[in-house]
**Student:** 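Got a structure here, written out as structure tokens. Questions coming.
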There are 2 protein chains.
Amino acid sequence: MNDAVQAPFKAPTFQPLYRQIKDLLMERISSGEWSPGTFIPSETALATTYGVSVGTLRKALNELMAENVVVRQQGKGTSVATHDADHALFRFFNICRPDGERSMPVSIVLERRLRKASAAEAAELGIPAGGKVVHIARVRELEGKPAIYEDILVCAERFLGLEKQPEVLPNTLYHLYQQRYGMTVAHADERIVAICANDQQATSLGVAVGTPLLQISRLARDYQGRPVEKRLSMVSTQAHCYSNSI
Amino acid sequence: MNDAVQAPFKAPTFQPLYRQIKDLLMERISSGEWSPGTFIPSETALATTYGVSVGTLRKALNELMAENVVVRQQGKGTSVATHDADHALFRFFNICRPDGERSMPVSIVLERRLRKASAAEAAELGIPAGGKVVHIARVRELEGKPAIYEDILVCAERFLGLEKQPEVLPNTLYHLYQQRYGMTVAHADERIVAICANDQQATSLGVAVGTPLLQISRLARDYQGRPVEKRLSMVSTQAHCYSNSI
DNA sequence: TACAATTTGTGCGTATGTATA
DNA sequence: ATATACATACGCACAAATTGT
């Protein structure tokens with residue numbers, strides 16, 4: 001089925017067969033045809049439908065597995081990755097104790113409303129200037145003490161009604177994004193600077209004004225690299241730290 | 001779990017063939033038999049020497065390539081990865097401008113001497129208590145302005161003479177570690193907190209006392225996970241930030 | 001408990017394409 | 001142009017894990 005995808009000239013469009021298959025599979029996943037947590041057809045079934053050898057299809061699936069898009073299990077099958085697995089829960093949460101131990105954060109929502117995006121915010125989220133956003137402000141506690149103050153922004157059009165529903169927000173928002181809106185956060189870019197706590201941050205975090213904080217600016221993206229959420233976190237590093245393994 | 005009664009033999013030692021081959025290759029690389037930058041024998045040659053099929057050997061090499069241990073190039077061969085490639089240069093340097101642009105740091109050595117390690121330092125570096133370390137203190141400039149103050153510690157026994165030679169230290173120390181001492185930094189764990197600049201840091205970085213800084217504590221490890229270097233960096237985030245993609 | 005069916009994992013072989021020297 | 005080396009694609013056989021009968 002080499003003729004399914006043309007590519008007669010090698011110019012910039014050439015892709016090996018297994019990568020074309022990979023893209024086709026990815027499309028069916030990100031379109032929602034195969035939703036997170038469900039099992040996709042077996043290797044042999046997919047190989048026959050696409051008209052390629054099992055080995056070629058395996059290579060496509062293995063690349064998707066390497067990118068954490070699917071999970072493969074011997075004897076069971078291949079499922080689309082979800083965000084409710086433990087490791088995925090902490091994949092985007094890099095705050096831990098100085099000894100490396102991670103604990104579950106508890107979130108307290110301070111504010112939750114619909115508003116117009118600033119020019120900079122709209123540009124970062126990839127929405128038209130003056131578009132609306134849902135703004136969530138919350139404090140996250142670690143081991144019973146406030147540790148993180150967060151401002152969260154998402155496009156109101158793609159997250160319809162998020163300012164009202166659900167009544168109580170889970171502390172793992174990315175799971176909600178995936179379950180309720182079909183938006184899967186796959187990557188994120190973070191920029192970290194050091195700042196001094198202002199009045200509001202100091203009172204929210206229970207520290208003195210002027211205490212040094214980490215300010216983490218994060219842009220979360222989906223599989224296609226499109227912006228999903230912009231988040232600004234202020235972290236008190238009295239009892240915790242930002243952890244990164246490279 | 002059900003077969004806890006059984007499997008006394010295969011449980012701890014079983015590894016697929018391609019992974020055993022991978023370990024054998026890794027051993028010849030980390031032992032220095034195949035040094036960074038050199039080409040290793042071809043797939044077919046290695047397959048016959050180890051008595052496995054080419055496909056099995058390919059799978060071992062591809063895993064090593066995914067871990068950045070080797071670099072494979074069609075038509076040329078497979079070489080052991082080096083740290084002098086551009087992307088590798090910035091792999092362990094996450095400081096960039098707010099717009100994401102990265103620039104080459106320029107390093108000025110302030111101090112360079114042999115001394116005894118503290119108990120905590122020895123434990124982190126995995127050397128006996130009271131063992132000796134080479135201590136390097138330096139300031140790194142970005143775009144002409146001091147931006148980072150660093151304290152660097154390595155085991156003196158494994159880095160013999162580093163307190164004296166070479167006369168001038170390159171600003172990419174990891175490349176030196178690899179070239180001169182055969183120690184390749186493969187991974188690193190970083191912990192980041194926010195602090196206020198003290199007198200020494202303030203003067204070194206040209207900022208006011210009390211300015212918030214990022215304090216990055218890094219432990220660099222080789223392929224086997226053994227500690228190679230401990231580094232404490234103070235970063236002024238007036239003009240730069242810490243960047244992380246997840 | 002045993003067995004069979006399904007699905008992925010491993011290992012082998014071959015042929016051909018493409019980049020490099 | 002030739003030889004070498006890796007990349008792609010196909011096929012087959014069997015092992016191991018999971019599930020249901």
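Atom set for the values below is all heavy atoms of this structure, side chains included, hydrogens, waters and symmetry mates excluded. Only a predicted model underlies this, so the values are computations on that prediction, with no experimental measurement involved. Labels below follow one simple rule: chain letters A, B, ... track the order of the sequence lines, proteins then strands, and each chain is numbered from 1.
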**Student:** Which of these nucleotides, D:dT8, C:dT8, D:dA9, is closest to any side-chain atom of A:Ser53?
**Tutor:** D:dA9
**Student:** Using atom CE of B:Met65 as one end and atom C1' of D:dA5 as the other, report the distance to the nearest whole Å.
**Tutor:** 14 Å
**Student:** Given atom CD of A:Gln20 and atom C1' of D:dT8, what is their separation to the nearest angstrom?
**Tutor:** 12 Å
**Student:** Please state how far atom CZ in B:Phe14 lies from atom P in D:dA15, giving the value in whole angstrom units.
**Tutor:** 12 Å
**Student:** Identify which nucleotide among C:dT10, D:dT18, D:dT8 has an atom closest to any side-chain atom of B:Pro16, counting heavy atoms from C-beta outward.
**Tutor:** C:dT10
**Student:** A:Phe39 has an atom CZ; how far is it from atom C1' of D:dA17, in whole Å?
**Tutor:** 12 Å
**Student:** Quick check: are there more than 12 heavy atoms from other residues, nucleotides or ligands sitting under 6.0 Å from CD of A:Glu33?
**Tutor:** yes
**Student:** Does B:Glu157 CD have over 12 foreign heavy atoms under 6.0 Å away?
**Tutor:** no
**Student:** Could you give the NZ-to-C1' distance, from A:Lys22 to D:dT8, as a whole number of Å?
**Tutor:** 15 Å
**Student:** Which nucleotide in the set D:dT19, D:dC6, C:dG9 lies at the smallest distance from any side-chain heavy atom of B:Thr78?
**Tutor:** D:dC6
**Student:** Looking at D:dT4, I'd like to know if its phosphate oxygens (OP1 or OP2) sit under 4.0 Å from a side-chain N or O belonging to B:Lys76.
**Tutor:** no
**Student:** So which atom in A:Arg191 and which in B:Gly100 form the shortest heavy-atom distance, rounded to 0.1 Å?
**Tutor:** NH2-CA, 3.7 Å
**Student:** Considering just the side-chain nitrogens and oxygens of B:Lys59, establish if one lies under 4.0 Å of OP1 or OP2 belonging to C:dT10.
**Tutor:** yes
**Student:** Looking at the side chain of B:Leu17, which of D:dT18, C:dG11, C:dG9 is the nearest nucleotide?
**Tutor:** C:dG11
**Student:** Any donor-acceptor pair, under 3.5 Å, between the side chain of B:Gln74 and the base of C:dG17, if you only look at N and O atoms?
**Tutor:** yes
**Student:** Would a 4.5 Å heavy-atom cut-off, applied to side chains only, mark B:Leu214 and A:Ile192 as touching?
**Tutor:** yes
**Student:** If the cut-off is 4.0 Å, is B:Arg58 near the phosphate of D:dA7, judged by side-chain N/O to OP1 or OP2?
**Tutor:** yes
**Student:** Take atom CG of B:Leu57 and atom C1' of D:dC6, then tell me their distance rounded to the nearest Å.
**Tutor:** 12 Å
**Student:** For the side chain of A:Arg72, counting heavy atoms from C-beta on, which of D:dC6, D:dA9, C:dT8 is nearest?
**Tutor:** C:dT8
**Student:** Salt bridge or not for A:Arg72 and A:Glu43, using N-O below 4.0 Å?
**Tutor:** yes
**Student:** Taking any strand in view, what nucleotide pairs with D:dC10 in a Watson-Crick or G-U wobble way, both distances under 3.5 Å?
**Tutor:** C:dG13
**Student:** How long is the line joining CD of B:Glu43 and P of D:dA7, in whole Å?
**Tutor:** 6 Å
**Student:** Among D:dA7, C:dG11, D:dA9, find the nucleotide with the atom closest to the side chain of B:Asn62.
**Tutor:** D:dA7
**Student:** If I take atom CD in residue B:Gln15 and atom P in nucleotide D:dA16, what distance separates them, rounded to the nearest angstrom?
**Tutor:** 14 Å
**Student:** What contact category does B:Gly55 fall into here, base, sugar-phosphate, or nothing, at under 4.0 angstrom with non-hydrogen atoms?
**Tutor:** nothing
